[in-house]
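A short worksheet on the structure shown next.
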Amino acid sequence: MNLILFGPPAAGKGTQAKRLVETRKMVQLSTGDMLRAAIASGSDLGKRVEGIMQRGDLVSDEIVIELIESRLPEAEAAGGAIFDGFPRTLAQAEALDVMLKGRGSQIDLVIRLKVDDEALKQRIAGRFAESGRPDDNPESFGVRLGAYNAQTAPLLPYYQGQGKLVEVDGMGAIDAVAAGIDAAMDAVR
Ligand code: AMP
């Protein structure tokens with residue numbers, strides 16, 4: 001199964017994706033993690049994206065589409081991908097559909113984790129204090145939330161139109177959210 005975990009930054013996508021890697025042996029494809037790895041390695045790509053990410057802006061569609069494409073065979077071999085933080089624009093969503101179709105595959109389910117903006121801001125303040133992730137500072141987080149609302153949230157009708165969108169309340173405890181995700185996935189099988 002190919003699943004998109006959809007939602008604003010700090011909605012819990014990464015936490016839930018990691019759990020699914022454990023419980024369902026799927027492969028997590030997080031473009032944010034891939035880009036942070038590129039920065040940590042000091043590669044040319046890392047140097048190109050570092051400032052953009054620190055501000056909270058989106059990097060170009062071409063970059064993230066290429067990153068995802070390079071990892072699709074691995075996810076296929078594992079029996080499924082969890083797309084985490086991708087797609088974030090309509091161009092990315094369309095490219096993903098084309099790439100998967102070319103491989104005889106498709107997105108099976110899009111789970112939207114719903115969390116309100118106030119809760120997100122509180123979560124992120126805690127995470128910034130703990131991890132010191134540079135783009136979790138209040139200013140960059142505001143830009144990231146703005147990018148989500150302007151460029152990513154408009155994808156919801158795209159997936160709703162395909163009949164793939166399921167909403168899960170992301171405000172509860174991690175286990176309660178996980179149960180909602182499991183129920184949505186089991187309903188597709
Ligand atoms: P994340 O870890 O998913 O919150 O991503 C961290 C940052 O990486 C984002 O704020 C963007 O700057 C960049 N990024 C990650 N995924 C994407 C994507 N699909 N499209 C554009 N930029 C992305």
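Just so you know, ligand 1 is whichever comes first in the structure, and atom 1 is the first atom listed for that ligand.
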Go through ligand 1 atom by atom and flag the ones less than 4.0 Å from a non-hydrogen atom of [X].
X	result
Gln92	18 (C), 19 (N), 20 (N), 21 (C)
Leu35	8 (O), 13 (C), 14 (N), 15 (C)
Arg36	2 (O), 6 (C)
Asp57	11 (C), 12 (O)
Arg144	4 (O), 10 (O)

For ligand 1, is there an N or O atom under 3.5 Å from any N or O atom of [X]?
X	answer
Ile52	no
Asp33	no
Pro9	no

For [atom], closest protein heavy-atom neighbour:
atom	result
atom 22 (N) of ligand 1	Val59 N, 3.1 Å
atom 5 (O) of ligand 1	Arg88 NH2, 3.4 Å
atom 16 (N) of ligand 1	Thr31 OG1, 2.8 Å
atom 7 (C) of ligand 1	Met53 CE, 3.7 Å

Among the heavy atoms of Lys13, does any lie under 4.0 Å from an atom of ligand 1? no
At the 4.0 Å heavy-atom cut-off, does Arg133 count as touching ligand 1? yes
Gap separating the CD atom of Gln16 from the CD1 atom of Ile181, nearest 0.5 angstrom: 4.0 Å
So CG of Asp33 and NZ of Lys18: to nearest 0.5 Å the spacing works out to 5.0 Å
Considering only NZ, NE, NH1 and NH2 on the basic side and carboxylate oxygens on the acidic side, decide whether Asp186 and Arg24 come within less than 4.0 Å. yes
With the 4.5 Å side-chain cut-off for hydrophobic clustering, are [X] and [Y] part of the same group?
X	Y	answer
Leu5	Leu109	yes
Ile111	Tyr159	no
Phe83	Met99	yes

Looking only at heavy atoms, is any part of Val64 under 4.0 Å from ligand 1, and if so is it the side chain, the backbone, or both, or is it neither? side chain
Heavy-atom pair with the smallest gap, counting every atom of [X] and [Y]:
X	Y	result
Leu145	Pro8	CD1-CB, 4.1 Å
Phe86	Gln92	CD1-OE1, 3.3 Å
Leu96	Pro87	CD2-CD, 4.1 Å

Are the side chain of Thr152 and the backbone N or O of Arg88 linked by a donor-acceptor pair below 3.5 Å? yes
